[in-house]
Structures are given as structure tokens and as C-alpha cells.
Amino acid sequence: MKKSILIVGAGAVGQVYAYHFAKAGYQVHLLLKEKYIAEAKQGFTLYHLNQDKKRQQPISFNDFICHSNWDSVAQHTIDQVWLCVSSTALVHVDLLAMKAAIKQATVMVLQPDPADVQRVKQVFDSAQVVAGMINMISYYAPLAGEVVPKEGVAFWIPPLVPMPVEGQHQALADVLAVLKSSKIPAVAQENFAAKNVHASSFLMVFLAVLELSDWQFKRLSANKILLKTMINAQQEVFAALHAEYGTKPNFALTCLKTWMMPMILNVAQHIAPLNMEVYMKAHFLKVREQTLMLLQAYEQRALQHQVSHEALSGLIKQLQDK
């Protein structure tokens with residue numbers, strides 16, 4: 001009997017994982033809000049940018065079972081649950097009801113903060129929980145300037161950037177097996193969640209200054225004061241996270257200077273088959289609440305550990321006032 005995988009949240013990320021799992025032969029279930037069920041049952045349209053850079057070959061995807069509540073999920077045997085929602089949305093997921101419905105299924109946590117992993121582990125046995133980082137770009141197409149035959153979700157999976165995952169032996173092995181059969185590159189990385197928090201924080205601080213620059217790389221590059229604020233805020237965050245988790249940024253991240261980011265992203269536009277500037281504005285404005293929540297969490301950790309946070313707090317205030 002083929003394994004069943006439940007996707008919690010069928011947005012731009014959830015649809016892509018669901019598509020790959022279904023194509024690999026797994027039985028896919030989607031948990032959605034009731035108001036989205038009818039639309040989801042009509043199927044989704046996807047664009048695989050690794051194979052279709054011009055976005056002219058829409059993929060129709062409807063090989064899944066929809067649910068709007070945990071009682072419905074409980075009628076099925078579920079082997080894995082993938083939490084494809086933002087950190088802010090995860091707060092509203094009834095984990096106790098989820099536990100009753102899925103029993104001993106493996107739970108894949110994709111949110112960018114170790115606190116999210118710990119929140120899930122407070123309800124589920126640690127042996128059930130696997131953490132990972134999304135290794136793709138996915139968005140609702142068309143972005144500004146794009147032309148597609150039909151609105152849908154476009155995605156690109158970088159071929160040389162495997163998805164890092166961590167967990168205890170059996171659950172980790174099961175997740176890696178699913179990813180391998182679904183042709184999604186992945187690699188086991190011990191203590192990934194705590195180590196990755198520095199990379200996630202780097203991105204969150206960068207997103208803050210990019211939004212304050214109206215999402216324009218050149219404008220950010222020219223704003224020396226804002227770049228200095230970014231550098232100072234990032235160092236404060238690194239110090240707070242080191243005090244909290246005992247981990248340090250990896251060597252590559254310490255070598256990566258904040259002023260390099262606009263240049264790197266401009267180069268990335270020639271590698272990824274999409275306009276990175278337009279994508280980042282469209283995508284990260286949708287999850288702005290998550291970015292702000294994570295920045296505030298870093299600020300709280302700095303306060304708790306008596307670490308300097310002047311630049312970080314100033315950055316948060318500018319975002320709130322925007």
C-alpha cells in the first residue's frame with residue numbers, strides 16, 4: 001500500500017510538494033480552510049521553471065484528497081505530515097487535534113525558526129519530528145512582467161542546493177526516502193535547525209532593509225546609512241542567537257557581507273529563470289507578518305540575554321512605521 005502524505009496549507013509551497021509527491025506515487029491529502037475546498041477540487045495549475053523557463057506549458061494537478069478539518073483527516077491512515085504554512089499561521093494550527101488525527105505519523109516542520117520546531121515537539125514525540133528548510137522558489141504566476149496561459153504557481157528548484165533536513169533515525173530516513181523518490185534534492189544535516197537560524201536571520205534582516213528601499217536593489221546599494229544599520233543589526237542578531245542556541249554562523253555566512261547582497265541577487269537573476277527583485281517584493285510582502293514576527297523574536301532573545309539591540313530595534317520600528 002502506498003504511503004499517504006498530508007500537506008497542511010496548499011499555497012505556493014504546499015502545491016509544489018504535493019505535486020512532486022503525487023507524481024512519485026504517494027497518496028496526497030491537503031488540509032485547507034473550508035472556503036478554499038471547492039476551488040482546490042477544481043485542481044491547480046503549475047509551471048515547472050526547471051523545464052519550462054518561458055512558462056508556456058501549464059501542468060494540471062488534481063491528484064489529491066481535500067480535507068477541511070482534522071476529523072476528516074482522521075478517517076485515513078497518514079504516514080507523513082508536511083507543515084507548509086508560515087510561522088504566523090502555524091501558531092493557529094491545533095496541534096493537539098492534529099496529534100489525535102495523525103497518530104504516529106512523521107511531522108515535517110518547514111518553518112524558519114527553531115522555536116517552531118520546539119513548539120511542535122512540545123506536542124509530538126521528538127522521534128516523530130523532522131525539520132527542514134525549503135529549497136525552492138515558488139510563487140503565484142504571473143509576476144509583474146510575466147505572461148502565462150493561465151494563472152497558477154510557478155516554481156524553480158535549484159539543482160545544486162539540496163534541502164537540509166534533520167531528525168531521529170527512522171523518521172529522517174522516511175523523509176529522505178520520500179524526497180529522493182520525488183526527485184527533490186535533500187541531505188541529512190545534524191542540528192540543522194539551530195545552525196540554520198543564523199542564515200534565516202540574515203535573510204530576515206536583509207528583507208527588512210530591502211522593503212525600506214522599496215524592494216529596489218540599486219536603491220539599497222546606494223543607501224550607506226541603511227546598509228550600516230543592516231550590518232549592525234545583523235551582528236546584534238548573531239550575538240543574540242549565539243547566546244540562545246550556542247551556535248555560530250557558518251564560515252560562508254561570516255564571509256558574506258551585507259553590502260554584497262544586492263550584487264549577489266542581481267547575479268542570481270541571470271541564474272534563476274525569474275526577476276528576483278519582482279519576486280522578492282511579491283512573495284515577501286505576502287509573508288511580511290512572519291518577517292516582522294521573527295525580527296521581534298530576535299529582539300526578545302537579545303533582551304533576555306542582555307545583548308545590544310539598538311540597531312535591530314530601530315530597524316523594527318522603521319518597518320512598523322512604514
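Predicted model only: the values in this text are computed from it and were never measured.
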Aromatic contact, Phe64 with Phe44 (centres under 6.0 Å) = yes
Smallest separation among heavy atoms of Leu49 and Pro273, with atom names | CB-CG, 3.7 Å
Are Glu146 and Tyr139 close enough that a side-chain donor and a side-chain acceptor fall under 3.5 Å?
-> yes
Going through the distances and angles, do Val278 and Trp215 end up as a side-chain contact (heavy atoms from CB on, under 4.5 Å)?
-> CA-CA 8 Å; Val278 175; Trp215 304 94; over 6 Å; no
pair Met108-Leu83: side-chain heavy atoms closer than 4.5 Å = no
Can you check whether Leu312 reaches Val237 side chain to side chain, under 4.5 Å on heavy atoms?
-> yes
So, His198 and Thr247: side-chain donor and acceptor under 3.5 Å apart, yes or no?
-> yes
Scanning both residues in full, the closest heavy-atom pair of Leu226 with Val209 reads CD2-O, 3.5 Å
Drop me the distance from Ser86's OG to Met293's CE, to the nearest 0.5 angstrom.
-> 7.0 Å
For residues Leu95 and Gln122, determine if any side-chain heavy atom of one lies less than 4.5 Å from a side-chain heavy atom of the other.
-> no
Between Cys84 and Tyr17, which heavy-atom pair has the shortest distance, and what is it?
-> SG-CD1, 4.0 Å
Counting heavy atoms not belonging to Glu39, are there more than 12 under 6.0 Å from its CD?
-> no
For the student: nearest non-hydrogen atoms of Thr229 and Ala311, plus distance | O-CB, 4.0 Å
Nearest 0.5 Å, what's the CG-CH2 distance between Leu6 and Trp70?
-> 5.5 Å
May I ask you to check whether Gln27 and His29 show a side-chain donor-acceptor distance below 3.5 Å?
-> yes
Just by distance, do the side chain of Asp79 and the backbone of Ala105 share a donor-acceptor pair under 3.5 Å?
-> no
Do Glu211 and Leu319 touch side chain to side chain, with heavy atoms closer than 4.5 Å?
-> yes
Check whether any side-chain heavy atom of Gln216 lies under 4.5 Å from a side-chain heavy atom of Lys281, and answer yes or no.
-> no
According to a 4.5 Å side-chain heavy-atom criterion applied to Ile, Leu, Val, Met, Phe, Trp and Tyr, with indirect links allowed, do Leu110 and Val81 form part of one hydrophobic cluster?
-> no
Donor on one side chain, acceptor on other, Tyr26 and Ser181, under 3.5 Å | yes
Quick one: closest heavy-atom pair of Cys66 and Ile37, and the distance?
-> CB-CD1, 3.9 Å
When clusters are formed by joining ILVMFWY residues with side-chain heavy atoms under 4.5 Å apart, either directly or through shared neighbours, do Ile78 and Val93 land in the same one?
-> yes
Side-chain heavy atoms under 4.5 angstrom apart, residues restricted to Ile, Leu, Val, Met, Phe, Trp, Tyr: same cluster for Val16 and Leu274?
-> no
Point-to-point distance, once rounded to the nearest 0.5 Å, from CD1 of Ile137 to CE of Met280 = 8.5 Å
Consider only side-chain heavy atoms of I, L, V, M, F, W and Y, link residues closer than 4.5 Å, and tell whether Tyr19 and Trp156 are in one cluster.
-> no
Run the salt-bridge test on Arg119 and Asp113 with the 4.0 Å N-O cut-off and return the result as yes or no.
-> no
Between Gln234 and Ser201, does any side-chain donor sit less than 3.5 Å from a side-chain acceptor?
-> yes
Take Arg219 and Asn223 through the side-chain contact (heavy atoms from CB on, under 4.5 Å) test and state the conclusion after the steps.
-> CA-CA 6 Å; Arg219 180 175 293 186; Asn223 191 331; 5.7 Å; no
Stepwise side-chain contact (heavy atoms from CB on, under 4.5 Å) check, Leu227 with Leu220 | CA-CA 7 Å; Leu227 282 174; Leu220 174 58; 4.0 Å; yes
Do His305 and Glu244 come close enough that some side-chain heavy atom pair is under 4.5 Å?
-> yes
Could you check if a side-chain atom of Tyr47 sits within less than 4.5 angstrom of a side-chain atom of Ile59, using non-hydrogen atoms only?
-> no
Give a yes or no answer on whether the side chain of Asp52 reaches the backbone of Gln57 with a donor-acceptor pair at less than 3.5 Å.
-> yes
Consider only side-chain heavy atoms of I, L, V, M, F, W and Y, link residues closer than 4.5 Å, and tell whether Val123 and Val85 are in one cluster.
-> yes
Would a 4.5 Å heavy-atom cut-off, applied to side chains only, mark His48 and Phe155 as touching?
-> yes
Walk me through it: do Phe21 and Trp82 pass the test ring-ring contact (aromatic ring centres under 6.0 Å, His included)?
-> CA-CA 11 Å; Phe21 298 157; Trp82 285 59; 4.9 Å; yes
Gap separating the OH atom of Tyr279 from the CG atom of Asn275, nearest 0.5 angstrom | 12.5 Å
Indicate whether any N or O donor in one side chain lies under 3.5 Å from an N or O acceptor in the other, for Asp116 and Ser87.
-> yes
Atom pair CG (Asn196) and CD (Gln189), whose distance is rounded to the nearest 0.5 Å | 7.5 Å
Polar contact flag, side-chain donor to acceptor under 3.5 angstrom, Gln170-Asp174 | yes
Is Lys183 atom NZ crowded by more than 12 heavy atoms from other residues, nucleotides or ligands, each under 6.0 Å away?
-> no
Decide whether Thr106 and Gln128 meet the rule of one side-chain donor and one side-chain acceptor closer than 3.5 Å.
-> no
Would you say Gln306 has more than 12 foreign heavy atoms packed within less than 6.0 Å of its CD?
-> no
Smallest separation among heavy atoms of Val165 and Gly132, with atom names = CG1-CA, 4.0 Å
Candidate pair Ile134 and Met163, rule side-chain contact (heavy atoms from CB on, under 4.5 Å), full reasoning = CA-CA 6 Å; Ile134 298 167; Met163 178 182 191; 5.5 Å; no
Are a donor atom and an acceptor atom from the side chains of Ser72 and His67 found within less than 3.5 Å of each other?
-> yes
From Ile65 atom CD1 to Leu31 atom CG, the distance as rounded to the nearest 0.5 Å | 13.0 Å
Determine whether more than 12 heavy atoms belonging to other residues, nucleotides or ligands lie under 6.0 Å from atom CD of Gln56.
-> yes
